[in-house]
There are 2 protein chains.
Amino acid sequence: MKTLTSRQKQILEFIDGFGRDHGYAPSIRDIVKGCAISSTSVVDYNLRILEREGLLRRDAEVSRGIVRLGQGRRGNRTIPVLGQIAAGFPIPVPAADTWATAIEGETVEVSHELTRGIEDVYALRVKGTSMIDALINDGDLVLMRSTNHADNGDMVAAWLKAEQEVTLKKIYFEGDQVRLQPMNATMSPIYSDAANVEVQGKVLGVIRQM
Amino acid sequence: MKTLTSRQKQILEFIDGFGRDHGYAPSIRDIVKGCAISSTSVVDYNLRILEREGLLRRDAEVSRGIVRLGQGRRGNRTIPVLGQIAAGFPIPVPAADTWATAIEGETVEVSHELTRGIEDVYALRVKGTSMIDALINDGDLVLMRSTNHADNGDMVAAWLKAEQEVTLKKIYFEGDQVRLQPMNATMSPIYSDAANVEVQGKVLGVIRQM
DNA sequence: TGTCTTAGAGAACGACTGTTCTACCGGAGA
DNA sequence: TCTCCGGTAGAACAGTCGTTCTCTAAGACA
């Protein structure tokens, strides 16, 4: 990338500032005024360069059609809070329609850093202190990736069919057995038949508010 | 708030969708096409209602001057990660210049929900498992509000002057004594002279990525 | 039945705005 | 000196876009 001229940096900064102040992009003439430039063609000229450099996108013949690209502008993901998780209480694996209806309810906003671009993410509010061994407290929000697959050592929400309960544990596959390991050394792991265990989701992160 | 008509909901959803797709707001005529409405005046009429209900803001005579308000659209805060915290290692209370230089370094993006509009927020990365009693693990990010004041029961970063160390504990003021309470019942609280304890910050939240 | 309110349709006006064409200027290179 | 090029000016054009005025229609209410 070629280094930007001071004018181009100035225009870029003006666009960002204008967006923060107004909530929409400036017009060419807004930039003319804001950067003390005397002609719209100069702005157009420099915007073409900035677009070529990949710093913004322009939609032809659209008023205020400048969209800033690059840096941390990607915004938030809105994640549905599908329900609560507590020992002995099943979590519904979200189906397409569950998803839609959940949108109406509680949601959290998280940055892309946390979800890392993963699509099927939902959140569960932890009820009770039964997960305290896993450093997860009452009221915490766990970000879950909806999946039926897990790797050794992943922290998962596991559905124990016979026991009819869900626990949040680390999972280890040992032959046709599955070991569900609490994160507290003083607690014993649960061993179960692999057929009896169904992975409902993988924990991506934890958010706690105080 | 009066309940919205289906047309108003439709327009609202179209605006949100258009914004996601294009990065800028639709024009009135975009809404006309997108919602199969036959006149711009109908859109204008409904937009006025939506504006009155506080669901959006319109800037007069500005192309694509619709700004969606309400729900979780407020965008992110960029929080500087000022350093690490580990037992026995002092946290610098951020001064104005520390702040500026830290901006250049690592940052996290968090939604406004977490910071609740509070200004002086910084983050610390937890090193080691010395805070595990407080349900905070190695590598976690603690969101701190920079303050010298704390209320009874707040979780704070406390600087013990004589011992030259910082701990993350619940704080209780008991006369001229201060009780620093770990969050694990099997551990004993630390009692210290009030003059020996300096609150450096209050924990607002914890973010853990797995 | 007549009036008011809500909702929608259609068209026209004028301001807003992106695009483009021509011209000017200074420095680098031949 | 002449030419080319990056950068700048100014102006005109045409399409975009918000606003507003007039009309229509259906339901509520007295």
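Every value quoted in this text rests on a predicted model; they were computed, and no experiment measured them. Proteins come first, then strands; the chains are lettered A, B, ... in the order of their sequence lines, and each starts at number 1.
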Over how many whole Å does the gap from [X] atom [atom1] to [N] atom [atom2] extend?
X	N	atom1	atom2	answer
A:Arg48	D:dT8	CZ	P	15 Å
B:Arg64	C:dT17	CZ	C1'	11 Å
B:Asp30	D:dG18	CG	P	8 Å
A:Ile66	C:dG18	CD1	P	7 Å
A:Asp44	D:dG6	CG	C1'	15 Å
A:Ile15	C:dG18	CD1	P	11 Å
B:Gln8	C:dT6	CD	P	12 Å
B:Glu61	C:dC13	CD	P	17 Å

Under 4.0 Å from OP1 or OP2 of [N]: is there any side-chain N or O of [X] that close?
X	N	result
A:Ser27	C:dT17	yes
A:Arg58	C:dG18	no
A:Asn46	D:dG6	no
B:Tyr45	C:dG8	no

If you look only at distance, which donor and acceptor atoms sit under 3.5 Å apart when one is on a side chain in residues 35-44 of chain A and the other is two or more places apart or in another chain?
unit_1, atom_1, unit_2, atom_2, d
A:Ser39, OG, A:Ser41, N, 3.2
A:Ser39, OG, A:Ser41, OG, 2.9
A:Asp44, OD1, A:Arg58, NH1, 3.2
A:Asp44, OD1, A:Arg58, NH2, 3.0
A:Asp44, OD2, A:Arg48, NE, 2.9
A:Asp44, OD2, A:Arg48, NH2, 3.3

Below 3.5 Å is the cut-off: list the nitrogen or oxygen pairs between protein and nucleotides 23-29 of chain D, distance only.
none

Are the side chains of [X] and [Y] in touch, meaning some heavy atoms are under 4.5 Å apart?
X	Y	value
A:Asn196	A:Val178	no
A:Asp59	A:Val67	no
A:Ile49	A:Thr5	no
B:Val197	B:Val156	no

Practice task
Please work out whether the ring planes of B:His22 and B:Phe18 are parallel, tilted or perpendicular, with thresholds of 30° and 60°.
Solution key: parallel
Practice task
Using the side chain to side chain contact (heavy atoms under 4.5 Å, CB included) rule, pick out the option among B:Val142, B:Leu143, B:Leu141 that qualifies with B:Val206.
Solution key: B:Val142
Exercise for the section: Give a yes or no on whether the backbone of A:Ser63 and the side-chain of B:Arg64 come within a donor-acceptor separation of less than 3.5 Å. Expected result: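 Yes; at least one donor-acceptor contact below 3.5 Å.
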Handout entry: Heavy-atom pair of closest approach, residues B:Phe14 and B:Ile31
Key =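 Between these two residues, the closest heavy atoms are CE2-CA, 3.6 Å.
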Find every protein N or O atom lying less than 3.5 Å from an N or O atom of nucleotides 9-12 of chain D, and list the pairs.
unit_1, atom_1, unit_2, atom_2, d
D:dA9, OP2, A:Ser38, OG, 2.9
D:dA9, O5', A:Ser38, OG, 2.6
D:dA9, N7, A:Ser41, OG, 3.1
D:dG10, OP2, A:Ser38, O, 3.4
D:dG10, OP2, A:Ser38, OG, 3.4
D:dG10, N7, A:Ser39, OG, 2.6
D:dG10, O6, A:Ser41, OG, 3.0
D:dA11, N6, A:Thr40, OG1, 3.3

